[in-house]
Amino acid sequence: MSKTYDSKDIMVLEGLDAVRMRPGMYIGTTGIKGLHHILWEIVDNSMDELVNGFGTTIKVTLHEDGSAEVEDDGRGIPVDIHPVKKVSGVELVFTQLHAGGKFNNDTYGYSGGLHGVGASVTNALSRWLNVYIFRGGYEYEMGFESVTKNGKIVSGLTTMPLKKVGTTKRTGTIVRFLPDDRVFEETTFNLETVEKRLRELAFLNKGIKIILTDQRKLTDGKPYCITLHYEGGLKDFVTYINQQKGAERKPIYLEGKSDNLQVCCALQYTGAYTENCFSYVNNIPTTEGGTHETGMKSAITRAFNDCGKRLGLIKEKETPPLGEDYREGLTMALAIKMRNIEFEGQTKTKLGNPEVKPEVENIIYTELVKYLEKPENKGDLELAISKGKAAAKVRDAAKRAKEITRQKNSIENFNLVGKLSASTGKKPELNELFIVEGESAGGSAKQGRDRSFQAILNLRGKPLNAEKKRLSQVLDNEEIRTIISALGTGIGEDFDLSNLKYYKVIILSDADQDGAHIRAILLTFFFRYMKDLISSGHVYIGMPPLYKLQKKDQIEYVYSDLELPEAIKKFGKNYTLQRYKGLGEMNPEQLWETTLDPQKRSLMRVTLDDAANAELMISTWMGDNIEVRKKYISDHANFNREDNFNADAK
Ligand code: TSJ
């Protein structure tokens with residue numbers, strides 16, 4: 001690995017107008033996700049500098065004027081002049097597409113960045129961008145703006161050339177930019193989104209301190225400010241994930257490297273029955289898993305079995321537990337760093353490189369055996385073996401229960417149709433299944449819908465809480481079985497998306513705490529047993545209105561408390577305001593108009609962008625800690641767009 005870096009290493013490929021013309025090509029979308037993407041590009045650059053050993057702290061500030069600022073105490077972006085291009089390194093970074101150390105694998109050990117398109121993309125999609133560099137005893141400044149020339153927008157123009165503005169003792173870089181409202185549909189950074197990703201980065205890059213300040217959110221005149229700093233890295237990550245789940249022992253932490261990659265892994269058992277795996281490659285979440293995850297899982301199974309046999313915890317003639325048995329109740333976090341990553345899968349979040357599996361397996365096997373063989377860690381091995389054996393035992397019983405359920409399902413199918421009011425159309429891609437809470441709401445929905453493509457599944461009781469149950473128990477619940485048979489996909493390992501009968505599965509529950517609970521239970525079930533249904537974007541949350549405003553013939557429905565004052569202002573005097581307490585209060589026509597009609601309704605699509613937080617949320621909602629849950633409910637149980645599982649407004 002070469003140690004020197006100067007401007008000639010920076011590759012030059014394309015111009016900024018290309019980005020301006022087709023932003024989607026570079027940042028995916030111009031929605032809220034794309035907006036955050038241009039911030040991550042900047043943060044990733046700082047993180048690269050810090051993880052290479054230059055500097056300790058990143059400060060991210062969300063300003064009142066809508067701009068975002070990122071500051072680090074690294075070496076400062078090089079200011080020397082590129083020998084061929086005859087411009088400074090900084091200018092290249094911000095004006096040339098694909099310019100940046102990331103693409104030069106000789107200079108940087110590992111290429112980082114979520115998509116690695118570079119800081120110039122942020123510049124191209126900003127109203128203005130300023131950079132301040134502290135390097136070699138001097139402070140420098142440079143500024144870019146987008147300007148209109150002959151009616152055409154030209155972005156990322158240097159309006160303030162690089163200049164030395166003073167002397168300084170410090171080193172580092174500050175970048176501040178204002179996302180362009182002519183590019184993005186939404187230009188307000190979401191504090192929760194920013195904090196979640198920065199926390200994830202702090203876990204993944206142990207020791208790096210990230211300070212987040214939101215100047216837009218003041219309490220007693222003071223801005224919101226949080227420091228994210230985890231000396232334990234992934235170990236702290238699993239502790240964080242498991243905080244509500246009753247872990248018996250400290251996490252097991254393993255790390256190692258081979259010629260091609262670097263691996264960190266943390267494992268911890270909880271009292272729950274589900275397995276949880278969070279994996280990353282070069283700080284990028286691999287939601288769909290991949291070869292690194294497969295390698296880790298094989299290593300875990302082999303290490304537990306081998307050590308268990310060696311220590312006499314598994315007898316000669318015993319059938320050893322399977323991998324899935326060992327993973328029941330196990331939370332796993334895996335982060336690897338490597339070059340030339342290849343992504344696959346529906347959402348391109350699955351690591352494909354085949355050479356990775358044996359390498360990761362080797363490293364984790366070796367390190368885990370080393371760990372388990374230490375006398376002081378015998379308790380970890382004993383716990384693993386007893387968890388594995390217990391799970392293996394119920395696996396048989398569960399298998400039998402599953403077979404019975406299949407038979408039951410076919411027998412009861414006739415019955416189940418009674419609860420499901422099917423649509424007359426049979427095209428899955430057009431069909432919508434509404435899962436509706438409550439008898440009267442179910443009745444209204446049934447009458448109010450467009451039966452040519454909308455089906456109603458009416459839940460009478462509460463479906464059971466999937467978090468605390470094993471599969472066999474989940475399947476014993478009638479409401480759940482009805483849902484499974486209506487969707488047609490099967491569940492768990494048998495899940496097959498191509499059999500899905502409704503491309504939109506819409507959860508419709510009341511805007512109160514009970515409704516939120518039912519929603520959470522259903523999402524938990526989908527998350528656990530039909531994860532692909534969520535990741536492929538088929539699950540939605542319906543949004544019934546909270547209020548109806550009426551003045552003679554003029555009627556308006558209001559969907560959130562935030563929108564109410566404005567609507568009232570519009571109506572002036574002599575209006576009536578009705579607050580809907582539940583879906584059941586609406587007659588079929590009203591329900592159609594407000595909630596079912598694709599032309600007027602508002603749906604939130606549930607996404608899995610951030611499985612870790614969804615996971616934490618599920619365990620908070622569903623776990624045993626009543627106090628935490630109560631607090632969580634009172635903090636979050638509103639029916640707004642930030643409510644559940646990163647539900648994106650759609
Ligand atoms: F994204 C970005 F370019 F805008 C950006 C880069 C934004 C922020 C806030 C920080 C950074 C950044 C870049 N921080 N630190 C660096 N480091 C370098 O670019 C750097 C510094 C020194 C040397 C060297 O060899 O002396 C090499 C490099 C790549």
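Here, residue 1 is the first one in the sequence, and each next residue gets the next number. All ligand and atom numbering here is 1-based and tracks the order in the structure.
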- [ ] Answer yes if the ring centres of Tyr140 and Tyr132 are under 6.0 angstrom apart, and no otherwise.
- [x] no
- [ ] Considering the heavy atoms of Asp72, write down every atom of ligand 1 situated less than 4.0 Å from one of them.
- [x] 10 (C), 11 (C), 12 (C), 14 (N), 15 (N)
- [ ] Mark up the atoms of ligand 1 that fall under 4.0 Å of a heavy atom belonging to Ser46, in ascending order.
- [x] 8 (C), 9 (C), 10 (C)
TODO: Please confirm whether the backbone N or O of Pro83 pairs with a side-chain atom of Lys86, one donor and one acceptor, at under 3.5 Å?
DONE: yes
Open item on the list: Under a 4.0 angstrom heavy-atom cut-off, which atoms of ligand 1 come close to Val175?
Closed with: 4 (F), 7 (C), 8 (C), 9 (C)
TODO: For the pair Asp73 (side chain) and Thr57 (backbone), establish whether a donor and an acceptor sit closer than 3.5 Å, ignoring hydrogens and angles.
DONE: yes
Task: Within 45° cone and under 6.0 Å: Lys348 NZ/CZ vs Phe343 ring - done: no
Task: Exercise: do Arg199 and Tyr230 side chains pair donor with acceptor under 3.5 Å - done: yes
- [ ] Measure the OG-CD distance between Ser155 and Glu145 for me, rounded to the nearest 0.5 Å.
- [x] 12.0 Å
Open item on the list: One pair to check against salt bridge (Lys or Arg N to Asp or Glu O under 4.0 Å): Asp65 and Arg176. What are the steps and the verdict?
Closed with: CA-CA 11 Å; Asp65 62 2; Arg176 180 168 171 179; 2.8 Å; yes
With a 3.5 Å cut-off and sequence neighbours excluded, list the donor-acceptor pairs that the side chains of residues 349-356 form with protein atoms.
| from | atom 1 | to | atom 2 | distance (Å) |
| --- | --- | --- | --- | --- |
| Thr349 | OG1 | Glu288 | N | 3.4 |
| Thr349 | OG1 | Glu288 | OE1 | 2.9 |
| Thr349 | OG1 | Thr347 | OG1 | 2.9 |
| Asn353 | OD1 | Glu342 | N | 2.8 |
| Asn353 | ND2 | Asn340 | O | 2.9 |
| Asn353 | ND2 | Glu355 | OE2 | 3.3 |

Task: Contacting atoms of ligand 1, where contact means under 4.0 angstrom from a heavy atom of Ala119 - done: 1 (F), 2 (C), 3 (F), 4 (F)
Task: Close-contact set for ligand 1 against Pro78 heavy atoms, below 4.0 Å - done: 18 (C), 19 (O), 20 (C), 21 (C), 23 (C), 27 (C), 28 (C)
- [ ] Provide the number and element of each atom of ligand 1 under 4.0 Å from a heavy atom of Val93.
- [x] 3 (F)
- [ ] Consider ligand 1: state whether an atom of it lies below 4.0 angstrom from any non-hydrogen atom of Gly172.
- [x] no
TODO: Would you mind running through ligand 1 and noting each atom that sits below 4.0 Å from a heavy atom of Arg75?
DONE: 20 (C), 21 (C), 22 (C), 23 (C), 24 (C), 25 (O), 26 (O), 27 (C), 28 (C)
Open item on the list: With the threshold set at under 4.0 angstrom, would you say Gly74 reaches ligand 1 through any of its heavy atoms?
Closed with: no
TODO: Consider every N or O of Arg135 and every N or O of ligand 1, then say whether any pair is closer than 3.5 Å.
DONE: yes
Task: Phe54 heavy atom under 4.0 Å from ligand 1 - done: no
